[in-house]
Amino acid sequence: MGEQDTGGIPAGRGNGRPAARRGLAVAVWSAAALAVLGAGGLGLAYVKLDANIESVDINTQLGDDRPRNIDDGSLDILVLGSDSRSGANRAYGRDEGVARSDTAMIVHLYEGREKASVVSVPRDTLVTRPECARRDGGSEPAAYRAMFNTAYEVGGPACAVKTVEQMSGIRMDHYIEVDFTGFKKLIDELGGVRVTTTRAIEDESSHLDLAAGTHTLDGEQALGLVRTRKGVGDQSDLGRIQLQQSFVKALIDQVKRVGVFTSPQRLWGLADAATKTITPDSELDSVKELADFAGGLSGLGADDVQMITMPVRYDETDPNRVVPVEAQAQQVWQALRQDLPVPASATRDTATGQAAGVIR
């Protein structure tokens with residue numbers, strides 16, 4: 001059976017590429033909310049944080065050929081985890097000169113900002129990728145049955161956004177990207193994240209060895225957890241998505257639990273790390289814009305967030321790939337377009353990674 005609002009659903013079955021290659025998109029709450037310090041008008045601190053931020057101008061690159069921007073009070077944000085192996089990320093594998101968006105989450109914030117839905121898009125989903133501008137300035141033709149994460153590889157953030165918008169019919173209001181080392185720094189600055197594993201997880205590929213029980217994970221351990229595939233469920237990427245979604249909920253709870261905004265020292269460290277870590281779109285490229293945006297998220301807790309995965313099934317010709325279950329995927333997109341919760345029927349009887357419940 002498929003699952004909803006627990007830890008997700010799908011992505012390719014296990015024997016595709018070797019070591020797990022992804023950082024976690026820490027979800028928009030931690031990426032944006034931790035920049036709130038700048039809103040306090042702290043002079044030089046504000047300027048320093050602003051200088052940390054590097055952004056990408058999605059709107060200019062995509063132009064007007066996009067879904068209609070519906071002004072109903074809701075927001076849609078594409079959050080990507082970059083798997084680049086350059087620089088400090090070389091510790092996690094060979095640098096092949098390209099990066100892929102091996103973790104993708106569409107975050108829908110409902111009108112009033114009291115609820116949110118997060119839809120994970122499996123990296124191995126076979127999609128029709130639209131024509132995109134390449135990083136070198138040329139043009140990449142449209143491709144049928146292309147892996148979803150190749151959109152970022154060939155055309156960067158703008159192509160990833162264009163692919164999501166074509167697939168869902170939903171205009172992305174914002175874009176936020178996080179990489180391996182940035183994710184680790186955020187978790188360490190937060191003081192770790194507490195999770196309970198219901199059984200032992202051991203995965204040499206992600207360098208993770210956790211006994212069953214309650215743990216406060218540091219940045220390296222948290223990265224290992226969200227990268228692990230072989231140590232859980234059916235050893236597929238779908239199981240890894242379920243772990244990632246459970247971890248995001250634990251992260252949201254941890255931010256609230258530690259009282260981040262009552263400790264100036266901790267808040268400064270988090271804000272400094274967050275603004276160095278994320279690559280937002282050009283409409284979130286200042287501390288003030290991030291702070292204003294984060295202010296609307298401060299009331300969200302883990303119980304206010306519905307976690308699902310885009311409904312998929314394993315591909316009949318390649319069990320290492322998945323394809324959308326179109327009728328049910330359209331239920332997901334239609335609900336979000338109408339600012340409604342995703343119905344349980346949208347994820348019923350779709351593929352799962354069998355790792356639900358491994359993290360509480």
Side-chain angles (χ1 to χ4, degrees), residues 2 8-13 16-17 21-22 25 56 58-59 61-70 76-83 98-108 119-173 175 177 236-238 241 308-337 342 346-347 350-351:
I9 302 174
R13 184 168 278 145
R17 288 170 295 184
R21 298 171 41 169
R22 79 243 297 88
V56 56
I58 300 290
N59 290 338
Q61 291 184 54
L62 293 186
D64 296 327
D65 187 18
R66 304 176 67 184
R68 184 166 61 93
N69 191 6
I70 300 174
D76 294 282
I77 306 101
L78 177 60
V79 184
L80 294 186
S82 165
D83 76 343
V98 297
R100 293 188 175 122
S101 56
D102 277 353
T103 297
M105 296 179 180
I106 298 167
V107 180
H108 179 84
V119 182
S120 294
V121 181
R123 66 170 194 186
D124 295 333
T125 306
L126 297 178
V127 300
T128 299
R129 190 184 67 219
E131 180 181 357
C132 289
R134 290 203 308 260
R135 295 172 186 265
D136 63 8
S139 179
E140 185 70 22
Y144 175 66
R145 284 177 60 87
M147 280 175 54
F148 170 77
N149 70 346
T150 63
Y152 181 90
E153 179 184 0
V154 301
C159 189
V161 170
K162 188 174 183 178
T163 301
V164 166
E165 291 186 341
Q166 175 179 278
M167 181 173 63
S168 67
I170 301 171
R171 185 184 179 108
M172 295 296 106
D173 297 293
Y175 168 86
E177 180 182 326
S236 74
D237 198 47
L238 305 188
I241 285 178
I308 68 164
T309 304
M310 185 177 74
V312 297
R313 57 176 172 81
Y314 289 111
D315 183 54
E316 293 179 356
T317 60
D318 185 352
N320 295 315
R321 302 290 178 259
V322 296
V323 293
V325 181
E326 290 295 346
Q328 288 169 276
Q330 287 307 314
Q331 287 186 56
V332 174
W333 308 135
Q334 183 176 355
L336 299 189
R337 285 195 295 267
V342 177
T347 57
T350 53

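Count residues from 1 along the sequence.
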Q | Atom of Gly169, atom of Pro67 and distance for their closest heavy-atom approach | A |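 Here Gly169 and Pro67 meet closest at O-CB, 3.6 Å.
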
Q | Exercise: identify the closest heavy-atom pair between Pro311 and Ala346 | A |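 Heavy atoms of Pro311 and Ala346 come nearest at CG-O, 3.0 Å.
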
Q: Run the numbers on Met147 and Val127 for side-chain contact (heavy atoms from CB on, under 4.5 Å), then give the verdict.
A: CA-CA 6 Å; Met147 280 175 54; Val127 300; over 6 Å; no

Q: Could you check Ser139 against Arg134 for side chain to side chain donor-acceptor pair (under 3.5 Å), going step by step and ending with a plain yes or no?
A: CA-CA 5 Å; Ser139 179; Arg134 290 203 308 260; over 6 Å; no

Q: Starting from the C-alpha separation in whole Å, work towards a yes-or-no answer on side-chain contact (heavy atoms from CB on, under 4.5 Å) for Leu80 and Tyr175.
A: CA-CA 8 Å; Leu80 294 186; Tyr175 168 86; 3.5 Å; yes

Q. When you measure from the side chain of Gln166 to the backbone N and O of Thr128, does any donor-acceptor pair fall under 3.5 Å?
A.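 Answer holds: yes.
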
Q: Keeping the roles fixed (side chain from Arg337, backbone from Ser168), state whether a donor-acceptor pair exists under 3.5 Å.
A: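 Between the backbone of Ser168 and the side chain of Arg337 there is a qualifying donor-acceptor contact (under 3.5 Å).
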
How long is the gap from [atom1] on [X] to [atom2] on [Y], to the nearest 0.5 Å?
X: Arg313; Y: Glu326; atom1: CZ; atom2: CD; value: 9.0 Å
X: Thr350; Y: Gln328; atom1: OG1; atom2: CD; value: 6.0 Å
X: Asp124; Y: Asp318; atom1: CG; atom2: CG; value: 8.5 Å
X: Glu165; Y: Leu62; atom1: CD; atom2: CG; value: 6.0 Å
X: Glu153; Y: Phe148; atom1: CD; atom2: CZ; value: 13.0 Å
X: Asp237; Y: Thr103; atom1: CG; atom2: OG1; value: 7.5 Å

Flag the pair [X] / [Y] as yes when at least one side-chain heavy-atom distance between them is below 4.5 Å, and no otherwise.
X: Cys159; Y: Glu140; result: no
X: Asp315; Y: Arg145; result: yes
X: Val332; Y: Ile308; result: yes
X: Leu336; Y: Val342; result: yes
X: His108; Y: Ile170; result: no
X: Met310; Y: Val325; result: no
X: Asp173; Y: Asn69; result: yes

Q. Any side-chain donor-acceptor pair under 3.5 Å between Thr150 and Arg123?
A.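 Arg123 and Thr150 do not have a side-chain donor-acceptor pair below 3.5 Å.
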
**Q.** Check against side-chain contact (heavy atoms from CB on, under 4.5 Å), Met105 and Leu78
**A.** CA-CA 6 Å; Met105 296 179 180; Leu78 177 60; over 6 Å; no

**Q.** Axial cation check for Tyr152 ring with Arg135, 6.0 Å and 45° limits
**A.**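 The answer is yes, since Arg135 meets both limits relative to Tyr152.
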
Q | Presence of salt bridge, Glu131 and Lys162, under 4.0 angstrom | A |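 No, this pair does not count.
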
Q. Are Arg171 and Asp76 close enough for a salt bridge, meaning some N to O gap below 4.0 Å?
A.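 Salt bridge: no.
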
(Q) Before you tell me yes or no, could you show the steps for Val312 and Thr125 under side-chain contact (heavy atoms from CB on, under 4.5 Å), namely the whole-Å CA-CA distance, both residues' side-chain angles and the distance that decides it to 0.1 Å? (A) CA-CA 8 Å; Val312 297; Thr125 306; 4.3 Å; yes

